[in-house]
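Here the structure is laid out as structure tokens; the discussion comes afterwards.
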Amino acid sequence: MRQVTGLIALIVLVAFLVWGVLPPTMRDFGYPPSDMDDYIIENAQEQTGNNNVVASVVFDYRGFDTLGEATILFTAVTGVLLLLRASKRRKESS
Amino acid sequence: MKFILGSGYTFWNPLIWIIVFLVVMVMVYFFRRRGQKGYKKGTDQARIFLCGEEVPEAEQRHIRVGNIYWGFFETLKEYYNFILKPHTGIINDYILWFVVAIAITVIILLIAGLAK
Amino acid sequence: MASLIAQSPILIIAIPLAAAFLIPLIGMVSQKARNALVVVSLVFVAFLVFALARDISINGIHIYTLGATSPDLTIPTGFMVPVRIILEVDGMSVFFSIIWSIVSLAAAIYSLSHIASETGQTRFYTLLMLMVMGGFGLMYTGDLFNLFVFLEIASISGAALIAYRTKFADTQEGGFKYIVVSAIASLMVLFAIGLLYAQYNSLNIAYLAQVIQYTTLDKIALALFLIAFAMKTGMVPLHLWFPDAYSVAPASITGMLVITSHACMYAAFRICFTLYGGVINAPVVGWIIIAFGLLTMFVGVTMAVYQKDVMRFMSYHAISQLGYMWIGVGVGLAVLGNPQLLATFGRDAMSGGIFHILNHAMYKPLLFFTGGALFHYTGTRDLTKMGGLAHKMKWTTILYMIGTLSISGIPPLNGFSSKILIYESVYQFHPILTITGIIVSILTLASFTKAFHSAFMGAELPEYKRGKEVPRSMIIGMLILAAGIIFVTLFPSLVVDWAIHPAADALIDQSAYINAVTGAIP
Amino acid sequence: MEHIPLNFPFLAAALLVGISFYIIIFKKNLIKLIMGIAMMASGVNLFLVALGYRAGGNAPIYTDVPEGPMVLPVPQALTLTSIVINVAVLALMLTIVIRIYRHTGSLDSEKSRKLKG
Amino acid sequence: MLSKIVRTVANQLILFILIFGLYVIAHGQITPGGGFQGGAVIVSGVVMLLVAFSSKELKKSLRERVLSIMESTGALIFIILAFVGIGTAFFYNLLVGTPIFGHIPPIGPNPGDIWTGGVVPLMNLAVGIKVVAGLSAVVLALALFSSGEEVEE
């Protein structure tokens, strides 16, 4: 029962995803619409002084995302060290 | 500042409710004053009478949670057997429900799009 | 002051973040300084939030462009598309952030003595501040990918905090379930963001709302967004992880997790109303949300009556209360395309749903805190082992009664004033919704009476004879929320006029959100 | 490679997501579950970075770049962010799984289950 | 604790891995790479040491405390660099045009100049410190935990 339901739902979902990314619904691969990115590629050099456009996007245009990304790494490290800490008072697990 | 919360069809005013509540409380206290005068605490008339059996201690008299609403669950036994089945607690099933819900929603949205 | 207000959207996000980065360094020096830093920064953030709310009620939507030559320069000069990340704060965002600031302050004060006997407190507070920052970012950002990033921050810190008590096995299981569910939901959100970016080459919500066309890909993306955020919110039948995660966390964290689920609900509303608002097939999506909401209310409460674990029981009640909000806002969405019906009852229904979010955010954390106080006193979450606790825990008993009467909609408490709005407006859309709501309310009262009797009533049990009331900071944390409940109880119309109606109008009025970004040419 | 027919990279990403969903639903071992989530993350990242490809484009770095169009930089930045995020999630998941194994002595999602109903 | 050959080779190799990682971090604004990538390279060297020597040996030289201090410092440098521009706007790149890292490269293809990028190279450095400390702390903690002992408070 569970297997059948799961397989049917999975097949339906994957079918929709595949149908969605194929040409009639999705644009062709390699020919993206690019207003924002063209602007960034043209103006990255004099606005941020970077040769590396990706670096200028990561640290200047979308620098807030990178701050969040560093925060997530910080969070995960803190969480790992928190969960692997020595818990002094041992009790039996409820 | 106004207290009235109007929803277009009725209104709700906590102050009026509180005033009415206090008035009713005063009336209840008044009726209670006119009760039996012969009641004395600590005498035999305050003790519980259980067909002559001796009454268990107060600690044993506490009704635990398992025994409350027994008839309710007894009546709705079929419903609870049905509704407890999906609550397996297995993480895989959670994701299975997620996939099922996404599939159903996509189908509904696309069919509605066709109809429009 | 004016410059402070102008910078406040980013300060509200950046101050908890800086505090979180500082706490590990300060925690090595002294614990008192660390706790003081936590409380002071949260109080300052709450002050900023209220100042920003006042400014928005006067001047309208608040825009902050990160990294631009001027914060209002949303679109680079001589260009048509927003390039940088934009924080956009309107009535809805600031409404949610007011709730979040109050509850996080109460939770932090509550934690001070709730986890006093545990190890690793410095990292606990670090993660707590990171969770606060993630919630604020989720509410304030106007950029889809940035929303995903903050969603992940809130999820990861929440999972680590759920598994905080590592000496129990069930806490680890709850944390694992929470992080697996969050990771998969967030990945689906990211996939949907990619689908939108592939067509319109932009990530800004306002600009996408302007150019979106509701193609097939947009429909698939809408389904992914809706179900992913609904799963994070705990909508039946995607609620199964909800009690597992909420019941094992420390009580203060559980109170905050309730608001994170509200924040995911905010994201779902933002997607449905603002991003797709112009093109969406409103009745169909509204009916989907309403159907899920009915299921959520009924299944949640019937499962709650059955429970014997106090935190699990309250978690199932949180699920069933979420159903009211889904129904209220879902009715508003279903009549979004029809201005006449919207004016007749749609706006009231949305106001009721949003008002219920406020009330639920007040009394449900309060109830979770009282459950944590019971755990703190008895060392167990099992209701069958409790009894007669009212003799020792007077404050907790009173606060629990306030929460109980409020959640089951007993007049004059605030739960009633939001439920009456929902009932009367939803009844004109379809009567069955109101009937279900009333039945659910009755069952809620019944189950809370059962829990109250079995935990507090009865004679004093021998095993709980010694021991005293929970420490003061836990009481203070609970009293903050109780004070909020009393305030909303006494002045419902004030709250509705100042906070609820602006939020509902911000959801309905999509063009204002768009014009704030694309129309603001300095 | 001027024009790739049938969007093969997008197709690969969608199939990766589908396969990882199969793993997550039908494999009871928690480590395999985490592998499934990692695969799903790879699929989504592949989708994101494939969105930015422009036919015959160079890397968007002006240091000694040959003439010609440049691929879009923003999807690469998003993919970088998303990769780091998934690394963080996986680290935390594996930690919790180690703890679960210490407590229950089992990695089966059904045997190591304590919360139910 | 592997054989002596492995340990000697690892001892020599860690230097080159370190140099390569620092190169990737330092040239993030003109060549592919950056803070995360270079930090990951250096952490791979740490993992090599972890395999060559045992985790207990490595624990003597890499303390959890030092690592968490390093990580918080890197994160603080990052957010302070973001705060520097708050006079204009948060994350405003105000070093462009100044002598430190402020050169504007010639528009179009050019042979690159290390003194460009404004705050970007400094942010790369901060993120590099953060990633090195954080990921090596995670790897070390997992290795120590699986070898039986738990992370200290």
Side-chain angles (χ1 to χ4, degrees), chain B residues 1-18 20-21 57-69 72-73 76 79-80 83-84 86-113 115-116, chain C residues 176-177 180-181 184-185 188 214 216 219-220 222-224 226-228 230-231 237-238 240-241 244 281 284-285 288 299 302-303 305-306 308 344-345 348 352 383-384 386-388 411-412 416-417 420-421 424-425 446 450-451 453-455 457-462 489-494 496:
Chain B
M1 81 184 47
K2 67 183 177 58
F3 290 84
I4 298 159
L5 172 70
S7 68
Y9 293 85
T10 178
F11 75 94
W12 158 243
N13 185 337
L15 281 196
I16 292 178
W17 193 93
I18 289 171
V20 171
F21 184 76
E57 284 308 310
E59 285 80 4
Q60 282 79 31
R61 264 190 269 132
H62 179 57
I63 302 172
R64 301 298 179 124
V65 70
N67 312 324
I68 305 177
Y69 297 152
F72 181 78
F73 298 120
L76 296 179
Y79 171 74
Y80 273 103
I83 200 63
L84 281 175
H87 293 79
T88 54
I90 305 174
I91 182 69
N92 310 78
D93 295 353
Y94 300 2
I95 311 302
L96 173 61
W97 281 106
F98 180 63
V99 174
V100 170
I102 287 184
I104 292 172
T105 317
V106 173
I107 291 173
I108 292 175
L109 282 178
L110 289 178
I111 288 174
K116 236 174 69 176
Chain C
F176 184 72
K177 284 172 177 176
V180 166
V181 165
I184 291 169
M188 283 303 104
Y214 207 51
T216 307
K219 286 169 192 163
I220 296 176
L222 174 61
L224 290 177
L226 192 58
I227 300 303
M231 182 146 188
L238 312 173
L240 297 152
W241 62 274
D244 299 351
N281 184 354
V284 173
V285 184
I288 292 174
V299 174
T302 41
M303 285 302 294
V305 184
Y306 184 79
K308 293 180 177 52
T344 314
F345 59 86
D348 281 333
L383 277 169
T384 55
M386 298 183 188
F416 175 75
S417 44
I420 192 170
L421 266 181
E424 295 192 341
S425 49
K450 157 187 165 183
H453 175 274
S454 54
M457 287 294 149
E460 208 169 358
L461 293 189
T489 299
L490 287 183
F491 310 112
S493 57
L494 197 70
V496 166

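Heavy atoms only: backbone and side chains are in, while hydrogens, waters and symmetry mates are out. Below, read A as the first sequence line, B as the second, and so on, with proteins coming before strands; counting in each chain starts at 1.
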Problem - Region of C:Thr384 that comes under 4.5 Å of a non-hydrogen atom in chain B - result: both
Problem - Side-chain heavy-atom pair B:Pro14, C:Pro492 within 4.5 angstrom cut-off - result: yes
Handout entry: Note, B:Val106 side chain near C:Lys219 side chain (heavy atom, < 4.5 Å)
Key = no
Fill in the blank from the handout: Under 4.5 Å to a heavy atom of chain B? For C:Val299 that would be both
Practice task
Answer whether the closest heavy-atom distance between the side chains of C:Leu490 and B:Ile18 falls below 4.5 Å.
Solution key: yes
Exercise for the section: Report yes if the side chains of B:Leu109 and C:Asn281 come closer than 4.5 Å at any heavy-atom pair, otherwise no. Expected result: no
Practice task
Report the distance from atom NZ of C:Lys450 to atom CZ of B:Phe72, rounding to the nearest 0.5 Å.
Solution key: 9.0 Å
Problem - Structural part of B:Trp97 lying under 4.5 Å from a heavy atom of chain C - result: both
Practice task
Would you name the heavy atoms of C:Asp244 and B:Gly89 that are closest together and state the gap between them?
Solution key: OD2-CA, 4.5 Å
Practice task
Let me know if C:Ala446 has heavy atoms under 4.5 Å from chain B in its side chain, its backbone, both or neither.
Solution key: both
Practice task
Please report the shortest heavy-atom distance between C:Pro412 and B:Trp12, naming the atom on each side.
Solution key: CA-CZ2, 3.5 Å
Completion exercise
Bottom line for C:Met188: the part with an atom under 4.5 Å from chain B's heavy atoms is side chain
Practice task
Name the orientation class of the two ring planes belonging to B:Tyr80 and C:Tyr306 (parallel below 30°, tilted from 30 to 60°, perpendicular beyond 60°).
Solution key: parallel
Fill in the blank from the handout: If one checks every heavy atom of C:Val305 against chain B at 4.5 Å, the contacting part turns out to be both
Problem - Proximal component of C:Leu383, with respect to chain B [non-hydrogen, under 4.5 Å] - result: both
Exercise for the section: Could you look at B:Phe21 and say if it's the side chain, the backbone, both or neither that has a heavy atom under 4.5 Å from chain C? Expected result: neither
Practice task
Could you tell me whether the side chain of B:Tyr94 and the main chain of C:Lys177 form a donor-acceptor pair under 3.5 Å?
Solution key: no
Practice task
Among B:Leu76, B:Leu84, B:Asp93, single out the residue with the greatest number of heavy-atom pairs under 4.5 Å to chain C.
Solution key: B:Leu84
Fill in the blank from the handout: Only residue of C:Ile184, C:Leu240, C:Val181 satisfying side chain to side chain contact (heavy atoms under 4.5 Å, CB included) with B:Phe98 is C:Ile184
Handout entry: Approximate separation, where rounding is to 0.5 Å, of B:Thr105 OG1 and C:Leu226 CG
Key = 6.5 Å
